[in-house]
Amino acid sequence: MPKLHSVGVRPSFYFRFHSDLHLFLCKPQHEARSLASLRRSSWTECEARQGWVLRRAPPAEGSPCANLSVACPWAIQALPHALRIEGRAQRELGRKMSDAVVEALEGYQGHVSVHSFSPLSQAPLAHVQRMERRLLQYVKAADKSLWQRMIKQRKEGGVVPHPDQLQDALDSFNGTAVVQLLCDEDPQEVYLSVGTCYRDPLTGFQWPVPWLSGHLPTVHEFPAAPSKAWRKLSQSLMTLGTLPAPGEVCVDLGASPGGWSHLLASLPGVRVIAVDIVPLCSSVQARENVVSITHDASTWLPDGTVDWVFCDATILPSSSLAILSSWLRTSRCRRFVWALKFPARSAKVTFNDVWNACDTMFSEFPDVRWTVRHLPLFGHEIVLMGGFDVASSSSSS
């Protein structure tokens, strides 16, 4: 049995196996991009499969799994420090998985979620379900208390409440242990990963994220929303794990027709400033906590500092980054959620170009911490999320 050890993470911790194997799930057709981003991060020993990517490298002692999110932004979920378990029969696989899980979670008394899946359904659903049942069967025999917590979390599922209760639900995910079981085409092997969800105050949930195979549930249905773009924002906020709080001011650049503004205005006590040269939908504009400003979003800046700035404007990444840079340079926002769009039929804009531009821009702002993700509802887009590190700036001054 591989040696297990824990790594300290502020303010929580996560468990991991002493393994040099990391698995990254991605949407179909994004395997090549995931592979390229890993190799760009100097992880050369990589292998792409249908719906996921393997990465082998020596584990970095003392470093949190947060580093993996930057290395593979096209992933939607990761199985960090995974074990490849082999067995001729399901009972043998179940016993080996149980031994590893019980040892990894020894002394842990928090919530435990079990996520069993097969990328793009390469393994039959019945086989995935049998593997999960075998795991739980042997865990029950070895540690009934752990089994009861795994069963409870499994029954509760991933129900997402109305935005009024969403922040409490997101807070409960922080520190939850996630047992991930990946079944591939070979019925005599499984991949197992055990990690604790950690939410960074500025860049959100690190790997692993607390949702089954990275597919975030929809926050809440808004039948009156002027567009479906609010769904992308809901996934971004859930990945951050932090919502705009009552009394905070949010600026939505390029807001028309108002999908993102509609969702932000639905959060309790939040004030929204929607900026676009095109008027908002009348239903959003009529809301009491929404101020609509008709102005070119690329040049508008507030008089002072706002809490959040959001942008989902359809412009080239280079132009979009220039706008974000102007906001950061003048300290006009504390946090940002910024979508970068890749022209679908253009080969002139590559991910490496955008990545290099991001590196160059953020190097000018040492007090800003940021991450980049490709979320399930984002097509040819990535989203930048982050903000000013108050602790870092105060210590430097």
Side-chain angles (χ1 to χ4, degrees), residues 6-16 25 64-66 69 76-80 101 104-117 132 136 139 143 145-181 193-221 231 233-248 263-264 266-270 308 335 337 371 373 375-377 385 387:
S6 62
V7 177
V9 176
R10 188 187 67 219
S12 185
F13 63 96
Y14 73 93
F15 300 93
R16 71 178 188 185
L25 304 186
C65 285
S69 63
I76 58 176
Q77 178 62 298
L79 285 73
V101 169
L105 296 178
E106 182 180 2
Y108 177 78
Q109 299 300 321
H111 296 296
V112 183
S113 295
V114 182
H115 296 171
S116 304
F117 52 88
E132 182 175 319
L136 294 171
V139 169
D143 188 335
S145 173
L146 175 59
W147 170 79
Q148 288 174 337
R149 281 178 283 134
M150 294 167 74
I151 289 295
K152 179 182 179 182
Q153 198 76 3
R154 186 175 175 228
K155 289 180 179 178
E156 290 177 353
V159 178
V160 179
H162 188 273
D164 290 353
Q165 295 84 38
L166 181 57
Q167 186 62 69
D168 291 337
L170 292 173
D171 291 341
S172 69
F173 287 130
N174 195 29
T176 297
V178 180
V179 177
Q180 296 189 85
L181 172 62
S193 175
V194 179
T196 302
C197 294
Y198 167 64
R199 182 182 60 193
D200 181 270
L202 284 178
T203 58
F205 284 109
Q206 311 300 309
W207 303 126
V209 295
W211 298 281
L212 175 62
S213 64
H215 289 87
L216 292 85
T218 300
V219 176
H220 180 73
E221 286 296 333
R231 296 173 181 267
L233 177 58
S234 72
Q235 290 198 341
S236 300
L237 292 175
M238 292 187 70
T239 301
L240 272 177
T242 302
L243 307 180
E248 291 189 333
L263 173 57
L264 293 170
S266 302
L267 300 176
V270 172
W308 296 76
R335 304 190 64 166
V337 176
T371 190
R373 291 285 182 89
L375 302 177
L377 285 179
M385 299 178 289

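Quick note: residue numbers are just sequence positions, from 1. All values derive from a computational prediction rather than experimental measurement.
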* Check against side chain to side chain contact (heavy atoms under 4.5 Å, CB included), D171 and R199 -> CA-CA 9 Å; D171 291 341; R199 182 182 60 193; 2.8 Å; yes

State the [atom1]-[atom2] distance between [X] and [Y], to the nearest 0.5 angstrom.
X    : Y    : atom1 : atom2 : value
Y198 : T176 : OH    : OG1   : 15.0 Å
W308 : L243 : CH2   : CG    : 7.5 Å
W211 : S113 : CH2   : OG    : 11.0 Å
I151 : L136 : CD1   : CG    : 4.5 Å
L375 : R231 : CG    : CZ    : 14.5 Å
L240 : F205 : CG    : CZ    : 9.5 Å

What is the minimum heavy-atom distance between [X] and [Y], and which atoms define it?
X    : Y    : value
C197 : N174 : O-OD1, 3.6 Å
L202 : G387 : CD1-O, 3.5 Å
I76  : S213 : CD1-O, 3.7 Å
G175 : T196 : O-CG2, 3.3 Å
V178 : P208 : CB-CG, 4.4 Å
S145 : Q109 : OG-OE1, 4.5 Å

* To do: Go through L267 and E248 one step at a time and tell me if the side chain to side chain contact (heavy atoms under 4.5 Å, CB included) criterion holds.
  => CA-CA 10 Å; L267 300 176; E248 291 189 333; over 6 Å; no

* Structure fact -> L146 meets the side-chain contact (heavy atoms from CB on, under 4.5 Å) criterion, sequence neighbours left out, with V101, V102, L105, V112, V139, D143, R149, M150

* Asked: Got a sec, which residues hit ring pair (Phe, Tyr, Trp, His ring centres under 6.0 Å) with W147, two or more places apart in sequence or on another chain?
  -> none

* With T203 via side-chain hydrogen bond (donor to acceptor under 3.5 Å, both in side chains) - residues at least two apart -> D200, Q206

* Set of side-chain hydrogen bond (donor to acceptor under 3.5 Å, both in side chains) partners for S116, sequence neighbours left out -> E132

* Keeping the roles fixed (side chain from Q77, backbone from L212), state whether a donor-acceptor pair exists under 3.5 Å. => no

* Asked: Looking only at atom types and distance, does a side-chain atom of Q180 sit under 3.5 Å from a main-chain N or O of P80, one as donor and one as acceptor?
  -> no

